[in-house]
Amino acid sequence: MTRSKTGWVAFQQRYNAIARPFAWKFTPADLEDLMARIERHIQEERTDPQPAALLAT
């Protein structure tokens, strides 16, 4: 086995031994909100005739 592969195998074994689940707090409602905000942003970009960089000057 190569040295780098040996290192990855050692990392995997150590990580699997110490890994703990985390509390996931991103809910389906959060995802819906994020998708709606992204869609609004996209729509605003499509209706804005000037790029934002030109407005800043």
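Nothing here was measured: the structure is a model prediction, and the numbers come from that model.
Legend: salt bridge (charged side-chain N to carboxylate O under 4.0 Å, His left out) pairs involving residues 17-33, not counting sequence neighbours, sorted by first then second residue: Asp33-Arg37.
Under the side-chain hydrogen bond (donor to acceptor under 3.5 Å, both in side chains) criterion, Glu44 pairs with no residue, sequence neighbours left out. For Glu39, the side-chain hydrogen bond (donor to acceptor under 3.5 Å, both in side chains) test picks out Gln43, with sequence neighbours left out.
Hydrophobic cluster membership of Phe22, counting Ile, Leu, Val, Met, Phe, Trp and Tyr whose side-chain heavy atoms lie under 4.5 Å apart directly or via other members: Trp24, Phe26, Leu31, Leu34, Met35, Ile38, Ile42. The other members of the hydrophobic cluster of Phe11, by chain and number, are Trp8, Tyr15 (side-chain heavy atoms under 4.5 Å, ILVMFWY only).
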